[in-house]
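Basis for what follows: all heavy atoms, side chains included, without hydrogens, waters or symmetry-related copies. Both counts, for ligands and for their atoms, begin at 1 and track the order of listing.
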Amino acid sequence: MDLKEELVQIIRERFDLAPEQCGDRQLYEALLILTGRQTARRPAPEGERKLYYFSAEFLMGKLLDNNLLALGIREQVRELLACWGRNLDAVEEQEPEPSLGNGGLGRLAACFLDSIAALGLKGDGVGLNYHYGLFHQRFADNKQRETPDPWIEPESWLIPTGTSFTVPFGGFELRAVLWDMAIPGAYNDRANRLHLFDVEDPAPAPETGIDFDKTAVAGHLTSFLYPDDSDDAGRLLRVYQQYFMVSAGAQLILKELEERGYGPRELADHVAIQINDTHPSMVIPELIRLLTGKGLSMDEAIDQVRRTCAYTNHTILAEALEKWPLHFIQRVAPQLEPIIRELDRRAKEVSSDPAVAILDERGLVHMAHIDIHYGYSVNGVAALHTEILKKAELKPFYDLYPEKFNNKTNGVTLRRWLEACNPDLTALIDQCINTRWRRDPGRLVSLMEYMDNDHVLSQLVAVKQSAKERFCRELREAQGVELDPNSIFDVQIKRLHEYKRQQMNALYVIQKYLEIKEGRLPEYPVTVIFGAKAAPAYVMAKHIIHLILCLQKLIENDPAVRPWLRVVMIENYNVTWAERLIPAADISEQISLASKEASGTGNMKLMANGAVTLGTMDGANVEIAELVGPGNIYTFGAHSDRVIHLYDDKGGARYRSLDYYHTPRVERLVDFLLSPELLAIGDAAALAALWRDIKGKDWFMALLDLEEYISVKDLAVRQYGDRKAWARKMLVNIAKSGYFSSDRTIRQYNEEIWHLG
Ligand code: 26V
């Protein structure tokens, strides 16, 4: 049966309608069934060793477009719908975005699944099926409000598998029910799977907001990603989630191993486990428990696990390095306690340095330390990040096990982040260098030959302009905000965190606002666009959102400033908004305090779509700067060595924000937080708390880099005026972005860590 016949039949069976009579919703459901059937027919890739990628987050984004592209039927479906008078884009609007992730780590996991499948490697994801996701963000009274994000509909990508496992908790047990999402490979006829475990009897969403009874573990275990951990019940729930995920995942691995005809002593020969940050780290003691239960000695079990598990570190922020009280683990999974104690005892035999202990004197279990002692690989996610791990954060471990450490600079799938989200730019690239770059993104570098081609440069500018106009339409429809597509789109999109320094960008806005009020107009109108969610319990992050929304309103209501400067914060920023905004960005804000951003991946997506980076020498920005050269990026700020030195002395004592506050320009900007203009709009207590924090603490040193940031950003705005010179910068950025394809990253993981064969 051909595609058209199959689709017509699905529509008839399901709705008893002819295609022309269907609405977008019905067509969406029909396409869901069609792609579901097509991927279900695909076998898994071949391979001696199978990868399991364990992650608490998979930030998948909408899947219809992606899956049609991977199945190679996107254009055919588009034409078919057009014959019926329908538009595929409108049908795709029907799809809810899965809410299974939070930020960079989760989106990276999704890009990796896409690349693993595209390269035909045998590898599945393992995670949890959160019913209400992270949360849905709304703005009210210039503040973030959280509501549940119930993304699972009766018709969805989730495939029931009929498989389930018993997870033994202290005092009770739960069934972990397995749901799958199919991950079709773009250049082959195979498909991998994302395995999502769920409780049998999920609780309904909370009535108001996202608060619920966190002790009701059986019903709420898979309600939310990262439930509030400001009390013990919340922290315990996270441990329940983690153990549920890894116990069910480990049981699945051993079941599949047996089905493939291998015994438990052959685990390491046939399985590789990638531990994505420390949320899945309990998979190590859990596998040891299950293997010893199958008759292996402790030595044998540890040996198998040590040759199976590899760990990726995604952050050096101390507060994000997980340490669980041993008594939590005792309560959640008492059977792991003796194993963790034994692992700790053996680690202490290897080194008596307390810095590498698994169990510390306060009774905390250092999850990353389990991974490093009992895994065979430890990787950072950008060159600078890996160097900092080796030289500073994990130095005692590097001294013990230098052979385990390696770098895998992150990447992004250009199928989603260029081909799918920016068809006009894709067509222009195809027209210049033909389509081979799509499979081999390194070939984008041939675009460098068009540096002096005025025609191509002006087409590039035109493509960017139409992307900006499209984004303006989409934002108007969604949020009723009208932007000027002829202004510079200056874009900062990422989770809200003090180290990412959205507050520094806000201080730039204040500087421009005050200049314009004084009659000093910028060289070019600028629109500063933010997209960010703040963790619900992260008070300072919420204050920063409040400041940005107040600035948005202040300028909105000021006809003298509006033509020159705008601020807009996108409500409920998610993958779908990123796909709309990234093609439209002119400037990519990557302004984290040097040493704090492990890599960044938004920086790569924006670069591939022709945005020019304005950034610190942090994370993968360093590699971007090396690739594009100094004329095609704007860098500023203290270098990581200096920042690390400033933190060195008993936690930040060397940096005194007041020294930087007391300069004429800076003081005025910071004090504007308490100006009558802002107080007339915002919440005085929130603004004052933020003002006090920046002035008196400024833990992530926004004031240290502020003056240089303002002058470099002014330079970028000035240079934007030379449209041709700017178009060259865009071209160089696109041309050099091939290195940041996640296909390259995954090849390196496979060649240097997984060896899937
Ligand atoms: C840690 C915690 C700690 C407790 C509260 C909830 C929570 C949620 C997530 C995390 C881990 C955050 C790690 C993370 O997302 N790192 C990001 O990983 C990206 C992919 O490697 C990288 O590009 C970003 O620079 C890095 O911040």
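With atom 9 (C) of ligand 1 as the reference point, the heavy atom nearest to it among Y226, Y538, F112, Y499 is part of Y226. If you check each of G380, G104, G619 against atom 19 (C) of ligand 1, the one with the closest non-hydrogen atom is G104. Of the candidates D228, N410, T315, it is N410 that places a heavy atom closest to atom 20 (C) of ligand 1. Residue nearest to atom 18 (O) of ligand 1, selected from H314, R238, E57, H279: H314 (by heavy-atom distance).
Contact annotation for atom 24 (C) of ligand 1: protein present (non-hydrogen atoms, distance under 4.0 Å).
Inspection of the Q502 and E589 side chains reveals no N or O donor paired with an N or O acceptor under 3.5 Å.
Note: no N/O pair closer than 3.5 Å links D229 and ligand 1 by distance alone.
Taking the six-membered ring for Trp and the full ring otherwise, F169 and Y240 have centroids separated by under 6.0 Å. Annotation: H497 is in aromatic contact with Y538 [ring centroid separation under 6.0 Å].
For atom 14 (C) of ligand 1, the closest heavy atom belonging to the protein is L105 CB, 3.8 Å. In terms of protein heavy atoms, atom 27 (O) of ligand 1 is closest to E597 OE1, 3.0 Å. Nearest protein heavy-atom neighbour of atom 3 (C) of ligand 1: A320 CA, 4.0 Å.
A ring-ring contact (aromatic ring centres under 6.0 Å, His included) with W754 is found for one member of Y749, Y376, Y52 and no other, namely Y749.
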* Step by step, would you call H369 with Y374 a ring-ring contact (aromatic ring centres under 6.0 Å, His included)? -> CA-CA 8 Å; H369 298 185; Y374 296 98; over 10 Å; no
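Within ligand 1, counting atoms from 1 as listed, the ones closer than 4.0 Å to a heavy atom of V381 are 21 (O). Residue A598 has at least one heavy-atom neighbour below 4.0 Å for each of these atoms of ligand 1: 25 (O). Distances below 4.0 Å separate heavy atoms of G600 from the following atoms of ligand 1: 22 (C), 23 (O), 24 (C), 25 (O).
Taking 4.0 Å as the cut-off between side-chain N and carboxylate O, D705 and R501 count as a salt-bridged pair.
With a 6.0 Å radius and a threshold of 12 heavy atoms from other residues, nucleotides or ligands, R331 has its CZ atom at or below the threshold.
Annotation: cation-pi pair K395/Y398 absent, no NZ/CZ under 6.0 Å from the ring centroid and within 45° of its normal.
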